Number of protein chains: 2
Amino acid sequence: MSTERPRLTRDRVLAAAIALADSSGIDALSMRSLAADQGVVPMALYKHVAGKQELLDGMVDAVLTGLPPLPGGSEWRPRLRERILATRATLLAHPWAPSVIETRTHASPIVLTYMDELMGIFRTGGFSAELTHLAMHALGIRMWGFTREVFPTPATPADPEQRAAMLAQFQTQFPHIVEIATATAGHPGSETAGCDAQVEFEFSLDALLDGLALRLAEQKASAANSARGRQRSASPR
Amino acid sequence: MSTERPRLTRDRVLAAAIALADSSGIDALSMRSLAADQGVVPMALYKHVAGKQELLDGMVDAVLTGLPPLPGGSEWRPRLRERILATRATLLAHPWAPSVIETRTHASPIVLTYMDELMGIFRTGGFSAELTHLAMHALGIRMWGFTREVFPTPATPADPEQRAAMLAQFQTQFPHIVEIATATAGHPGSETAGCDAQVEFEFSLDALLDGLALRLAEQKASAANSARGRQRSASPR
DNA sequence: TTGACATGTGTACACCGTACACCTACCCTC
DNA sequence: GAGGGTAGGTGTACGGTGTACACATGTCAA
């Protein structure tokens with residue numbers, strides 16, 4: 001008579017964890033709350049998941065499974081751009097994903113595959129192994145389609161009079177912040193918590209890709225130079 | 001006879017917290033461990049610090065206080081570069097700083113001052129308010145002198161035979177990762193936890209600055225264009 | 001039918017942050 | 001000097017966390 005609840009599965013546990021984190025936030029996701037959500041005692045989860053860290057690892061893997069297939073072609077830049085923006089689109093559905101990804105300490109095969117594919121895009125695009133390494137570092141967390149927003153806002157007092165006074169003080173103390181905040185006040189959604197708005201992300205990504213394109217050109221030029229040098233020093237022999 | 005311990009101060013609490021986090025890691029820093037370290041009961045700390053979050057805020061502020069003065073001049077690029085690298089040098093002494101900064105939700109006046117100064121560097125360098133806004137987003141967490149390393153390594157089995165088998169499997173499954181790992185194996189310190197190695201950080205920063213320089217040139221070009229346009233349409237009147 | 005094994009339970013432990021009431025020792029004022 | 005307010009430190013307690021360990025149960029194979 002107690003066979004109402006379907007049997008627990010690792011996949012079911014992960015799906016429930018994702019759903020719970022999506023709806024109630026990552027802070028509300030504890031082994032206990034997840035167990036209660038599944039109508040089960042906390043320790044039951046440990047039969048399907050080694051612990052909380054492994055649960056989070058699995059959640060990331062499960063989300064990454066939804067990624068579209070790797071774009072083909074040999075032009076590194078559009079391929080990379082498309083890939084990263086697709087990842088962004090996938091992760092945007094899960095506000096907790098950025099912070100969880102950032103705190104992972106071990107890469108699962110799925111994560112490794114993702115990174116290997118990105119490196120492959122660089123390599124087939126003409127980047128040397130060395131330059132690919134640096135480029136991956138330059139991408140950093142941006143390879144996951146988001147950037148950590150470090151634009152925290154100070155607490156504003158509720159009383160409007162006090163707030164006006166604070167704004168006046170701000171005006172003299174942080175003139176550029178006020179200028180930029182007012183200049184871009186019309187942008188809705190630029191205050192998104194986990195991920196920054198689309199336009200800002202694309203700006204950042206494209207600026208970085210410009211820088212990498214310059215480095216690739218330098219690499220090709222120096223390779224051509226050294227080839228000429230080798231030819232020159234080899235021919236007299 | 002119990003007057004051995006000097007009186008607690010907010011500054012003393014913050015200094016003790018920083019020292020404890022430096023030596024034992026940020027995970028070992030709890031209100032209880034900090035209190036024990038100071039020979040005091042946990043709740044005593046709350047007389048000087050509102051709570052744990054405020055403690056962490058204060059730790060960041062205390063570290064930032066050690067920053068060198070803002071470099072002068074009007075050339076945005078060397079100024080920005082010097083500023084950020086100086087911040088990096090300051091934060092490198094505190095491995096916990098990156099993760100703590102990332103989790104702050106409110107900006108203290110000290111943090112706001114830092115960001116305002118960065119914006120000032122852009123503005124005096126010719127960036128429009130709008131472009132400065134985007135540039136700050138593009139800097140993102142890199143404005144603090146580090147980038148989150150998202151290069152986690154999978155757990156390697158202790159048994160050498162198993163490890164060899166794993167490496168062989170890696171070779172076929174993640175060829176680019178292996179290629180790049182072996183190509184850059186000689187770099188010591190590239191596995192640093194919180195901050196990436198100096199060369200990688202500077203590469204990333206410079207690549208990004210290249211991209212921003214291009215955007216600044218575009219902005220100036222379009223401003224000149226629209227000025228010409230205005231002149232042309234105004235003169236007939 | 002029986003036993004093995006996977007699945008779920010119950011209890012317990014050591015932590016965490018912090019609310020609240022209390023005590024104590026100092027400094028300032030009369 | 002006496003008195004009192006207050007800042008600093010204490011003790012206890014509550015609700016939360018992850019998870020180790022022993023035990024019960026239910027399902028499938030032999």
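In what follows, chains carry the letters A, B, and so on, assigned in the order in which the sequence lines appear, proteins first and then strands, with residues in each chain numbered from 1. Because only heavy atoms are used, hydrogens play no part in the values below, and waters and symmetry mates are left out as well, while side chains stay in. None of the values given here were measured: they were computed from a predicted structure.
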Peer 1: Write down the distance between CD (A:E54) and P (D:dG18), rounded to a whole number of angstrom.
Peer 2: 15 Å

Peer 1: Is there a donor N/O on one and an acceptor N/O on the other, under 3.5 Å, for the side chain of A:R32 and the base of D:dG18?
Peer 2: yes

Peer 1: Check if the side chain of B:K52 and the base of C:dG17 share a donor-acceptor pair of N or O atoms closer than 3.5 Å.
Peer 2: no

Peer 1: Roughly how far apart are A:L139 CG and A:W144 CH2, rounded to 0.5 Å?
Peer 2: 11.5 Å

Peer 1: A side-chain contact here means heavy atoms from C-beta on lying under 4.5 Å apart; do A:Q198 and A:R88 qualify?
Peer 2: yes

Peer 1: For C:dA6, does OP1 or OP2 lie under 4.0 Å from any side-chain N or O of A:H48?
Peer 2: no

Peer 1: Atom CZ of B:R5 and atom P of C:dC26: how far apart are they, to the nearest Å?
Peer 2: 12 Å

Peer 1: Measuring from the side chain of A:Y46 (C-beta onward, heavy atoms only), which nucleotide among C:dT18, C:dT9, D:dG18 has the closest atom?
Peer 2: D:dG18

Peer 1: To the nearest Å, how far apart are A:K47 NZ and C:dC5 P?
Peer 2: 14 Å

Peer 1: Can you label the angle between the B:F170 ring and the B:F174 ring as parallel, tilted or perpendicular, going by 30° and 60°?
Peer 2: perpendicular

Peer 1: Using the ring of each side chain (for Trp, its six-membered ring), is B:H94 parallel, tilted or perpendicular to B:W96, with breaks at 30° and 60°?
Peer 2: tilted

Peer 1: Are any non-hydrogen side-chain atoms of B:V111 and B:R104 less than 4.5 angstrom apart?
Peer 2: no

Peer 1: Here's a test of your reading of the structure: between B:A28 and A:L8, which maps to the more 5' nucleotide of DNA chain C?
Peer 2: A:L8

Peer 1: CG of B:L29 versus C1' of C:dC16: gap in Å, rounded?
Peer 2: 12 Å

Peer 1: Between C1' on C:dG17 and CG on B:L34, what's the gap in Å once rounded to a whole number?
Peer 2: 13 Å

Peer 1: A:M43 side chain: which of C:dA19, C:dA12, D:dA20 is closest?
Peer 2: D:dA20

Peer 1: What is the distance, rounded to the nearest whole Å, between atom CG of B:D27 and atom C1' of C:dG17?
Peer 2: 15 Å

Peer 1: Between P on D:dA20 and CG on A:L45, what's the gap in Å once rounded to a whole number?
Peer 2: 13 Å

Peer 1: What's A:V41 touching, base or sugar-phosphate or nothing? Going by heavy atoms closer than 4.0 Å.
Peer 2: base

Peer 1: What's the CE-P distance between A:M31 and C:dC15, to the nearest Å?
Peer 2: 20 Å

